[in-house]
Amino acid sequence: MNYQPKYNAAFLFIFTFIFSGFCMAQSNWSVKGTVTDGISGSALHRSTITALKAKDSTLVKFTRASENGNFNMSGNQSEKIFFLITYHDYADHVLSFSPDQTKNDIDFGAIKLFRKEKLLEEVILKGKTAAVRIKKDTTEFNASSYIIKPNAKVEDLLKQLPGIQVDQEGKITAQGKRVNKVLVDGEEFFGDDPTLVTKNIRGDMVSKVQLYDKKSDQAAFTGIDDGVKEKTINIKLKEDAKNGYFGQADVGGGTRNFYNIKGMINYFKRKQKLSAYGIFGNTGKISLGWEDNQKYGSADDIQFDEAGRGSMTTDDENGLDAQSGQYNGEGIPIVKSGGIHYDTKWNNNKEAVNVNYKNGSISVDGSKNTLNQNNLLAGIISSNSDQSFSNSTSRQKLDISYQIKPDSTSSVKVSVAGNHKRISNEQFFSGKSFSQERLLNTSLRTITNKGYDQSLNANVFLTKKLKKAGRTLSANLKQNLGDSKTDGYLRTHNEFLGINGSPDNVQVIDQFKTNSIKSSEFIGNLAYTEPLTGSLSLVLSYAYGINKNRADRKTFNLSADGNYTIPDEKYSNNYTLTQRMNVGGAIFNLKKDKATINFGTKIISMDLDQSDWVQQSSFKRNFTNWNPQANLSYEVGPQKQLEVGYSGNTIRPTFDQLQPVRVNNDPLNIITGNPLLKPSFNQEIKASYNAYRTLNEQSIYLGANFGITSSPVINSIEIDDVGKSIYRWVNLEDNKTHSYSLRASYQQKLKFIGMTGGLYFNSSGNTYYSYVNNVLNKMQSNTYLGNFMLSSYDHTSYQGSISFGPTYTTNESSLQKEANNNGWGLNGNTNIVVQLPGKIELSSDARYEYKAKTASFNTSFSMLILNAQISRKFLKSESLKLSLSANDLLNQNTGFTRNINGNMLSQTSFTTIKRYFMLSLIWDFNKMGGDQNL
């Protein structure tokens with residue numbers, strides 16, 4: 001009996017030791033957090049939070065989040081705990097927690113849950129990198145998600161990207177807008193010809209393709225939209241593609257003396273790019289982007305707008321600069337062109353330089369026939385004219401930009417561009433005009449001229465970030481100089497017939513004309529950005545500009561001694577226009593959650609000083625205008641973007657519209673300026689929606705623009721009873737002109753047939769006015785286009801696409817509603833490439849166009865252009881290709897257009913390139929990142 005107390009004491013001691021140890025091991029803990037949507041950040045109220053033991057998943061406790069997503073949970077367990085957060089239609093989220101004696105109060109913060117669909121996309125994207133990513137106004141395509149055949153170019157890659165179309169000539173349309181600029185790693189690459197990138201850089205060198213609206217340097221720096229945008233594609237190269245060289249040589253000769261020779265070589269070494277190209281040919285398939293409107297243009301009339309942005313208009317009134325240097329499909333061209341590009345960065349990317357030089361020439365010979373319908377209140381005047389022409393242009397241009405970033409807060413960018421162009425044109429016209437089957441007049445006209453056009457443009461852009469975050473200062477200084485001189489001969493013989501058909505009057509003109517136009521423009525713009533709150537900032541800006549233009553036009557009649565020494569004051573002028581402006585602006589920028597809003601206005605004070613030195617008269621005027629703007633950008637959801645904008649812009653009359661000189665290049669259609677014109681005001685509303693879904697490769701784009709112009713500048717036409725017209729510019733006070741455009745596209749992978757399908761719709765139109773013999777004429781023009789597309793791509797065996805759809809066009813005049821130009825049309829395109837054994841490739845493409853007859857033009861038009869090619873690849877790398885191609889097999893390529901211009905409906909047919917056969921040898925060579933293909 002003596003052992004019992006000893007046993008009880010020992011048991012009690014052991015039990016007390018274990019219990020006290022257990023109590024000491026317990027840890028009191030508490031956790032809290034907020035459950036939110038991983039995309040929108042909104043609270044997920046009533047979500048469930050469950051605490052489980054890590055070792056056996058047994059329940060510890062659970063709770064639910066409050067209305068604002070918050071939760072708080074506490075306990076005294078010592079082992080590791082899992083917290084399971086769940087919500088309907090969202091993927092489960094798991095957090096772990098190990099209590100200790102030092103830190104047992106944990107704040108998980110925002111716990112982001114994602115919808116199961118979104119996570120499923122992420123899982124798929126790990127196996128195949130995200131094909132498309134939309135971030136604000138940039139759509140980014142991952143090139144590795146698209147398979148292209150060996151030695152394919154960027155153009156072949158672009159054709160696979162949703163929302164982007166590339167036509168037969170290589171012209172790019174993206175989200176309903178024309179793409180005029182293609183960059184390489186964000187840098188200019190030969191400046192103004194996108195095809196020099198798309199047709200020469202290999203597609204397998206590309207990492208990403210970015211599509212966005214390129215903003216001005218100032219807007220890109222401040223992050224606040226100033227309304228200057230240009231649809232742009234940026235080609236981002238792979239890192240291993242930035243070391244080595246690549247290029248292509250293409251030599252081809254064909255029937256009917258057609259030939260095509262081109263070559264390009266590119267040398268990339270880390271941050272340096274050196275490229276050179278040469279082009280010679282007469283096939284018309286070589287793109288020459290002569291016009292870079294961001295930097296160059298005719299020096300005839302350089303204008304600046306109220307925001308301090310430069311714009312340029314081309315003076316072609318005297319027909320002394322009829323050839324711009326571009327080939328638009330009319331006639332047979334001969335092209336010779338070459339260029340060099342170099343860009344590099346150094347000093348830890350603090351300094352960069354970009355240089356482009358191009359030199360080339362183009363000559364075009366051809367002919368065309370034009371039918372015109374001029375609507376009058378009392379009837380219609382119809383005309384039929386034939387024209388033959390021989391035009392040539394040669395041009396050199398050089399642009400250099402240098403950028404330095406002395407520190408992380410400042411940068412300086414200096415750009416200089418020079419352009420020199422020479423032209424030589426010969427044109428011959430013959431025509432007849434009728435009124436109700438009665439012959440009114442006959443005309444013979446010859447124009448010959450030659451001259452030059454040169455410009456020098458300099459730009460300095462300085463930026464500085466100040467101490468306070470978001471506070472910036474920037475300055476932009478521009479100086480543009482232009483000089484254009486042309487001279488030539490105008491010889492005409494016009495007969496005006498009476499009711500009995502005999503000539504009542506004969507007009508003979510034999511004149512020598514000289515034209516000298518000089519322009520000088522300076523613009524200085526200062527912008528200051530101030531953050532008002534964490535989400536609201538303000539841009540204050542001031543701009544000063546002065547623009548001087550002088551046109552000295554002289555006309556001399558033939559004297560008895562055979563020389564052109566008799567001045568013709570009626571068609572001569574010495575006119576100057578000086579424009580000065582002061583612009584003050586305030587633009588607010590609000591960034592809140594998924595929305596960015598810009599709104600504000602600019603106030604413009606403008607002085608115009610006009611002088612007519614022939615008539616010894618001068619005229620001064622002052623204007624005060626305002627330019628309001630508002631833009632909203634909203635991220636609707638993952639890969640979904642909505643943009644809405646409004647802008648108001650004052651439009652000043654151009655230099656050519658203001659100067660009072662009469663132009664008799666066509667004696668039957670004489671144009672005269674009006675120095676009393678005043679500015680008009682344009683308002684525009686635009687909206688767009690862009691969305692992409694990765695799972696089904698679905699893309700949607702919707703866009704709309706609507707514009708209205710108050711007090712527009714229109715034509716006032718006086719037409720006499722023999723068909724002679726005098727055009728004069730006037731302001732329309734009682735009515736407004738309107739314009740609109742609607743664009744929609746839908747594209748999706750059709751898995752049940754293994755192809756990609758797309759639907760496209762485009763509608764555009766405008767309403768404008770003219771006075772015809774003092775009667776107001778209302779012109780309405782609309783175009784409706786629908787298109788269905790199917791495409792399939794297998795880089796090992798075939799690729800093909802087909803698109804077709806109807807068009808309907810309306811051109812109506814209130815003076816003659818029954819004699820309209822309303823009619824249906826049909827357009828179709830198809831191409832197919834098939835890979836055969838033995839490295840043989842067959843390809844064919846076709847284009848069909850149909851236009852029905854209309855009330856104005858009683859003939860219909862149809863054309864089917866069929867091209868074909870067979871080629872054989874050589875070498876292990878398949879880099880050498882011999883091909884035999886046939887252009888326009890059916891010999892149906894006929895130039896044909898219908899359009900409306902002012903009061904006149906026109907139908908034109910012209911000569912162009914038809915059937916020929918060509919044998920070509922193409923060599924793609926490269927040595928990139930150690931992988932040699934030679």
Side-chain angles (χ1 to χ4, degrees), residues 167-171 173 178 256 258 282-285 287 322-324 326-333 364-374 380 382-391 427-432 434 762 764-765 779 781-787 803-813 819-830 845-867 887-902 904-916:
D167 69 9
Q168 302 289 342
E169 287 79 33
K171 296 176 183 177
T173 303
R178 174 78 178 272
R256 299 175 56 206
F258 281 100
N282 60 356
T283 63
K285 294 185 177 181
S287 175
Q323 177 66 13
S324 66
Q326 287 183 309
Y327 176 64
N328 60 5
E330 295 185 9
I332 309 298
V364 183
D365 295 340
S367 63
K368 60 183 178 182
N369 172 264
T370 302
L371 303 176
N372 290 325
Q373 173 184 301
N374 211 332
I380 295 173
S382 302
S383 63
N384 186 340
S385 65
D386 292 296
Q387 176 186 356
S388 61
F389 55 87
S390 178
N391 302 324
Q427 303 178 38
F428 174 76
F429 301 83
S430 65
K432 298 179 180 181
F434 301 85
N762 194 320
S764 61
M779 305 290 291
S781 178
N782 297 278
T783 299
Y784 309 93
L785 183 150
N787 196 276
S803 64
F804 62 90
T807 63
Y808 186 73
T809 302
T810 66
N811 297 132
E812 295 181 341
S813 166
N820 60 62
N821 193 36
N822 302 345
W824 287 95
L826 180 65
N827 294 305
N829 290 275
T830 181
D845 63 84
R847 177 169 64 91
Y848 178 75
E849 182 179 356
Y850 169 76
K851 286 183 171 65
K853 63 181 180 180
T854 67
S856 298
F857 304 107
N858 60 4
T859 58
S860 61
F861 170 81
S862 64
M863 176 177 66
L864 175 61
I865 299 177
L866 178 63
N867 306 314
N887 180 79
D888 189 20
L889 271 171
L890 304 180
N891 207 35
Q892 291 190 12
N893 189 19
T894 301
F896 182 87
T897 60
R898 282 180 185 165
N899 57 63
I900 183 171
N901 183 13
M904 189 174 296
L905 301 175
S906 299
Q907 176 175 290
T908 302
S909 58
F910 48 86
T911 59
T912 189
I913 298 171
K914 290 196 171 186
R915 181 169 54 202
Y916 66 85

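Hydrogens, waters and symmetry mates are skipped; everything else that's a heavy atom, side chains included, is used.
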Atom of [X], atom of [Y] and distance for their closest heavy-atom approach:
X      : Y      : result
Ala846 : Leu864 : CB-CD1, 4.3 Å
Ser906 : Phe857 : C-CZ, 3.8 Å
Phe258 : Thr283 : CD2-CA, 4.2 Å
Ser856 : Ala819 : OG-O, 3.0 Å
Asp365 : Ser390 : OD1-OG, 2.7 Å
Thr911 : Gly366 : OG1-CA, 3.5 Å

In chain order, what residues pass the side chain to side chain donor-acceptor pair (under 3.5 Å) check against Thr807, with sequence neighbours excluded? none
List the residues meeting side chain to side chain donor-acceptor pair (under 3.5 Å) with Asn827, not counting sequence neighbours, and say none if there are none. none
So do [Y] and [X] actually touch side chain to side chain, heavy atoms under 4.5 Å?
X      : Y      : answer
Asn821 : Ser781 : no
Lys914 : Thr894 : yes
Phe896 : Met863 : no
Asp386 : Asn369 : yes
Gln907 : Gln373 : no
Asn887 : Ile913 : yes
Glu849 : Phe861 : yes
Thr897 : Lys851 : no

Between [atom1] on residue [X] and [atom2] on residue [Y], distance to nearest 0.5 Å:
X      : Y      : atom1 : atom2 : value
Ser367 : Phe910 : OG    : CZ    : 10.5 Å
Tyr848 : Gln892 : OH    : CD    : 9.0 Å
Asn867 : Asp845 : CG    : CG    : 4.5 Å
Ser909 : Arg898 : OG    : CZ    : 11.0 Å
Thr370 : Asn384 : OG1   : CG    : 8.5 Å
Phe428 : Ser388 : CZ    : OG    : 6.5 Å

For [X] and [Y], indicate whether the former's side chain and the latter's backbone hold a donor-acceptor pair under 3.5 Å.
X      : Y      : answer
Asp888 : Asn893 : yes
Asn372 : Ser382 : no
Thr810 : Asn782 : yes

Please determine which of Asn374, Asn820, Asn811 meets the side-chain contact (heavy atoms from CB on, under 4.5 Å) test together with Leu905. Asn811
Checking Asn822 against Thr854 for the side chain to side chain donor-acceptor pair (under 3.5 Å) test, could you report, in this order, the C-alpha distance in whole Å, the side-chain angles of both residues, the deciding distance, and whether it holds? CA-CA 6 Å; Asn822 302 345; Thr854 67; over 6 Å; no
Please work out whether the ring planes of Trp824 and Tyr808 are parallel, tilted or perpendicular, with thresholds of 30° and 60°. tilted
Which residues satisfy the salt bridge (Lys or Arg N to Asp or Glu O under 4.0 Å) test with Lys432, sequence neighbours excluded? none
